[in-house]
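Just the heavy atoms: all of them, side chains too, but no hydrogens, waters or symmetry mates, feed the values below. Order of the sequence lines fixes the chain letters, A, B, ..., with proteins taken first and strands second; residue numbering starts at 1 for each chain. In this text the structure is predicted, and so the values were computed from the model without any measurement.
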2 protein chains.
Amino acid sequence: MIDHNIFADGTAARQGVADYSVLALSLGFRVRRAQLAILQDFQDVLGDQGIRQADFSVLSVIAGNSGMKQSDVAEALAIQRANFVAIVDGLEKKGLIERRRSEVDRRVYFLHLTEAGTAFLAQLMPKWREHEEKFIGRLGGSDKRDQLIEMLRSISD
Amino acid sequence: MIDHNIFADGTAARQGVADYSVLALSLGFRVRRAQLAILQDFQDVLGDQGIRQADFSVLSVIAGNSGMKQSDVAEALAIQRANFVAIVDGLEKKGLIERRRSEVDRRVYFLHLTEAGTAFLAQLMPKWREHEEKFIGRLGGSDKRDQLIEMLRSISD
DNA sequence: TATTGTTATACTCTATAACTATA
DNA sequence: TATAGTTATAGAGTATAACAATA
């Protein structure tokens with residue numbers, strides 16, 4: 001059941017003011033709040049590694065698909081290719097990934113993790129899993145997490 | 001069940017490349033994508049009304065709680081009070097809301113909808129509901145929506 | 001001393017157009 | 001002509017510090 005208090009502590013109800021039903025039931029509002037909470041925790045847990053959410057997502061995609069085209073990685077992450085350049089530059093400058101020019105089509109770059117990048121990501125994973133587990137715990141288990149992922153996917157597909 | 005394709009059309013699987021399991025199961029990634037999709041649709045449906053998500057949320061909170069303190073509205077919406085000033089300025093300049101100084105504590109402003117603001121919001125609501133219904137439909141009904149809201153709330157509480 | 005609203009400012013993220021080199 | 005990557009730039013959104021008025 002959904003109640004109509006916007007405040008976690010029920011402030012609105014205790015004060016006897018009108019409800020916030022429109023906002024409390026708003027998917028846009030709730031998704032935004034959740035995104036903020038997850039981003040905040042990511043930065044708390046992994047921020048001192050000098051890595052942002054976007055950096056992590058790039059590393060993990062390349063780890064799973066070594067040699068993927070730069071523009072395909074950008075598209076997979078819903079990042080515009082113009083904005084993706086700086087991200088790739090940063091990761092390359094840190095020695096975590098490298099661009100390799102295609103011999104067949106000299107316009108394209110394939111992205112690969114370096115050894116340092118592979119080691120760095122491996123070292124990151126336990127902290128990232130801890131970060132994810134925090135929210136799986138709040139949700140009430142990985143079955144709930146799977147349900148949530150499925151619902152979120154249906155929203156953005 | 002969750003599959004591991006990052007692409008809606010199953011591209012990764014068809015190409016036989018490695019999976020994206022880390023990312024595909026990442027709450028941070030999926031929530032971000034959903035937020036982007038909802039924001040995009042909000043702008044498509046309501047952008048020509050000269051109103052942003054934040055503006056709409058302010059109007060609907062004030063509509064439900066006339067005379068709420070400016071800083072309390074900001075806190076309810078997780079907007080910092082410094083950044084909230086420009087939003088309130090904008091809505092006031094459009095004649096949709098007004099600040100009324102408290103007689104008891106002359107530091108605080110109470111926020112009220114004007115008549116024009118009430119009418120504007122009333123006119124907005126059908127379009128906003130259409131926007132929300134689009135995603136309720138994708139989710140498979142309002143029971144699913146309630147489940148999702150509840151899960152998202154557990155994440156950000 | 002503390003709080004409300006405010007200003008100023010900087011930083012990140014995102015969006016768009018145009019360029020280059022290749023195809 | 002079209003595409004991959006790039007540059008430049010502008011606009012949002014967000015974060016922080018400091019100030020004036022008031023408590």
For the pair B:Phe56 and B:Phe42, name the ring-plane relationship: parallel under 30°, tilted 30 to 60°, perpendicular over 60°. perpendicular
In residues 97-112 of chain A, which residues come under 4.0 Å of DNA chain D by heavy atom? A:Arg99, A:Arg107, A:Val108, A:Tyr109
salt_bridge(B:Glu150, B:Arg153) N-O dist < 4.0 Å: yes
Does NZ in A:Lys144 sit with more than 12 non-hydrogen atoms of other residues, nucleotides or ligands closer than 6.0 Å? no
Nearest-nucleotide comparison on DNA chain C, the residue closer to the 5′ end among B:Val88 and A:Ala82: B:Val88
Using 30° and 60° as the class limits, which term best fits the ring planes of B:Phe135 and B:His131: parallel, tilted or perpendicular? perpendicular
I need the B:Leu91 CG to B:Leu111 CG distance, nearest 0.5 Å. 9.5 Å
Rounded to whole Å, CZ of B:Arg33 lies from P of C:dT14 at a distance of 12 Å
Between B:Phe84 (CZ) and C:dT4 (P), how many Å, whole number? 14 Å
In whole angstroms, how far is the C1' atom of D:dA15 from the CD1 atom of B:Ile79? 14 Å
Mapping A:Gln70 and A:Arg32 to their closest nucleotides on DNA chain D, which lands nearer the 5' end? A:Gln70
Just the rounded figure in Å: distance from P of D:dA4 to CG of A:Asp89. 18 Å
Atom CD of B:Gln80 to atom P of C:dT9: distance rounded to whole Å? 18 Å
Does B:Glu115, at its CD atom, have more than 12 non-hydrogen atoms belonging to other residues, nucleotides or ligands within less than 6.0 Å? no
Atom-pair distance (CD1 on A:Ile87; C1' on C:dC13), nearest Å: 9 Å
State whether the number of non-hydrogen atoms from other residues, nucleotides or ligands found under 6.0 Å of A:Lys94 atom NZ is greater than 12. yes
Judged by modelled atom types alone, do B:Arg100 and B:Tyr109 share a side-chain donor-acceptor pair under 3.5 Å? no
Mind listing the residues from residues 42-57 of chain A sitting with a heavy atom below 4.0 Å of DNA chain C? Number order is fine. A:Arg52
Nearest-Å distance for atom pair CG/C1', residues A:Asn83 and D:dA12: 13 Å
Can you check the B:Glu92 CD to C:dT6 P distance for me, whole Å? 9 Å
So, are A:Asp157 and B:Arg33 salt-bridged, with charged N and O less than 4.0 Å apart? no
